[in-house]
Amino acid sequence: MKEINSTEFEKEVLNGGKVVLDFYSSECPPCEALASKFEDLSKLYGKDIKFIKIFRQQNRELAQKLEVKSSPTLLFFDGGQEVAGRLSGGIKRADIIKALDSMLPSGRVKEIKALIKPTVSEFDVIILGAGPGGLTAGLYLCQAKINTVLIDPSLPGGHVSTTHEVSNYPGFIEPQAGYMLSHNMSEQTKMCGTVYKVAVDITRVDLDKKEVVIDEYETVRAKKIVIATGTTPNLTGAPGEKELKGKGISYCATCDAKYMENKEVVVIGGGNSAVEESEYISRFASKLTIVHQLAKLTANKQAQDRAFSNNKINILFEHEPRSFTRDGDKIVTEIENLKNKERVKIVSDGVFIFIGWKANIDLFRDKLVLDQWGYIKTNEDMLTSIPGIYAVGDVISKKYRQITTAVADGTIAAMAIAKELD
Ligand SMILES: Cc1cc2nc3c(=O)[nH]c(=O)nc-3n(C[C@H](O)[C@H](O)[C@H](O)COP(=O)(O)OP(=O)(O)OC[C@H]3O[C@@H](n4cnc5c(N)ncnc54)[C@H](O)[C@@H]3O)c2cc1C
């Protein structure tokens with residue numbers, strides 16, 4: 001694996017044969033999650049394909065020329081031509097493997113796959129998800145000397161690691177950078193001795209057998225499972241959103257706001273996330289337009305006050321996005337006035353979408369009793385409808401989704417499990 005800068009691009013990439021190029025940024029959790037997969041795969045595929053990294057912040061011109069609009073972005077080259085399609089955002093190991101395999105003859109792919117040996121490991125408890133809920137459960141279980149493994153497709157921290165500032169977590173007088181708060185939570189749990197399997201692909205979850213398969217070849221079994229998988233941002237569903245995701249449309253302000261220096265930005269949403277993240281984005285952007293479907297913001301009062309007094313922020317109430325298209329370097333957001341149905345287009349350099357969440361339960365949805373919004377129902381011990389399966393944090397059916405409430409759920413589940421396993 002090699003790190004280059006833009007002056008070496010022609011030699012190393014365009015004239016470099018088969019190459020996979022990683023445009024990464026600092027303070028970018030999905031970039032860090034990708035780094036370990038990239039390094040791991042370079043050991044498997046490195047003889048056939050060159051693995052190259054490039055720091056996007058210091059090579060902005062090249063990134064712009066190649067139309068790299070999101071961090072991380074993986075580009076695949078063969079003989080100077082881009083092949084295999086781009087990958088960006090929260091990149092799965094399986095998708096990288098698919099792209100790499102498509103660059104090689106099938107016989108060689110078989111030889112590489114034969115080098116991977118399946119493994120099985122046993123624990124008392126598997127925790128799925130290393131956000132505040134999962135990390136707290138991991139800490140309490142570890143302190144109770146229960147052999148616990150935390151599994152997460154990303155790096156530890158959950159949503160907190162991409163929240164720019166947290167001002168309501170008890171114990172800190174000053175607002176804390178979300179990244180540092182989640183780092184400290186994770187280090188505390190790790191130092192206690194909880195095993196981490198993070199930045200992995202979750203291939204399969206079998207709640208009845210209490211078995212999780214990761215990266216296709218690694219089986220992890222336990223007596224109990226704690227589901228702490230949190231939520232994923234909702235999509236607007238407007239045409240163009242999926243196509244432009246990672247190419248001008250972002251769901252992570254800490255990852256992409258820094259590329260909006262002196263640029264114009266559209267934010268879709270009007271709740272806490274939309275308004276608080278708009279404030280952060282406005283540190284970089286020259287102008288920011290919030291598009292909100294209701295007649296009032298639904299964010300907390302303090303955040304609203306700051307947004308209203310921020311002269312870079314303009315708010316369009318009772319409007320919804322109808323389509324997203326590209327025009328050269330710009331993103332054109334067509335919005336509809338919900339009162340008179342008139343449509344107008346806003347041209348901007350980037351769009352951020354913060355319009356609510358859905359529970360991350362796709363891998364085990366059928367097995368659990370859910371509420372009407374698709375969140376997992378639990379009892380007061382955080383036990384789900386399946387014996388031995390607990391759920392904590394934002395993924396469960398509850399009224400208030402905050403760090404403190406996720407941490408409380410994690411504590412309760414861990415104490416209930418410790419008592420049962422005693
Ligand atoms: C922009 C923003 C700002 C916020 N600001 C605040 C604030 O200031 N104060 C506050 O108290 N709260 C805030 N919140 C809410 C808070 O972040 C959440 O309530 C809290 O993070 C929930 O913790 P969790 O552990 O349940 O889930 P998450 O933090 O969502 O973590 C879930 C973890 O599970 C992983 N995962 C997903 N799917 C799987 C799978 N299939 N298998 C294994 N792992 C999986 C994810 O990668 C993630 O790491 C904010 C949220 C956002 C989005």
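Counting starts at 1 for both ligands and their atoms, in listed order. Numbers here simply count residues along the sequence, with the first being 1. Keep in mind that what you see is a predicted model, and the values were worked out from it rather than measured.
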Pull out every atom of ligand 1 sitting under 4.0 Å from any heavy atom of [X], numbered as shown with elements.
X	value
D152	33 (C), 34 (O), 35 (C), 44 (N), 46 (C), 47 (O), 48 (C), 49 (O)
S154	47 (O)
V160	17 (O), 21 (O)
A406	22 (C), 23 (O), 26 (O)
L363	41 (N)
G230	27 (O), 30 (O), 32 (C)
I151	43 (C), 44 (N)
G129	33 (C), 34 (O), 35 (C), 43 (C), 44 (N)

May I ask you to establish whether K53 and Y24 are in a cation-pi arrangement, using a distance under 6.0 Å from NZ or CZ to the six-membered ring centre and at most 45° from the ring axis?
-> yes
Nearest neighbour in protein (non-hydrogen) for [atom]:
atom	value
atom 20 (C) of ligand 1	D394 OD2, 3.8 Å
atom 10 (C) of ligand 1	Q402 OE1, 3.1 Å
atom 40 (C) of ligand 1	T229 CG2, 3.4 Å
atom 16 (C) of ligand 1	I403 CG1, 3.9 Å
atom 9 (N) of ligand 1	N168 OD1, 2.9 Å

Would you say the side chain of [Y] lies within less than 4.5 Å of the side chain of [X], judging by non-hydrogen atoms?
X	Y	result
D208	I386	yes
R56	Y259	yes
V125	I127	yes
E211	R204	yes
K223	L421	yes

Ignoring hydrogens, just give me the one of G393, P132, G158 whose non-hydrogen atom is nearest atom 21 (O) of ligand 1.
-> P132
Report the member of A359, A228, G356 with the shortest heavy-atom distance to atom 32 (C) of ligand 1.
-> A228
Measure from atom 6 (C) of ligand 1 to the protein's non-hydrogen atoms and state whether any distance is below 4.0 Å.
-> no
Close approach of V395 to ligand 1, heavy atoms, under 4.0 angstrom = no
Mark the output for W357 as yes if a heavy-atom distance to ligand 1 is under 4.0 Å, and as no if none is.
-> yes
Can you tell me if [atom1] on [X] sees more than 12 non-hydrogen neighbours from other groups inside 6.0 Å?
X	atom1	answer
K92	NZ	no
K398	NZ	yes
Y375	OH	yes
K242	NZ	no

Do any nitrogen or oxygen atoms of [X] lie less than 3.5 angstrom from nitrogen or oxygen atoms of ligand 1?
X	answer
T404	no
I202	no
L128	no

Any chance the rings of F354 and Y251 have centres within less than 6.0 Å?
-> no
Could you point out which residue of K330, K263, K287 forms a side-chain hydrogen bond (donor to acceptor under 3.5 Å, both in side chains) with D349?
-> K330
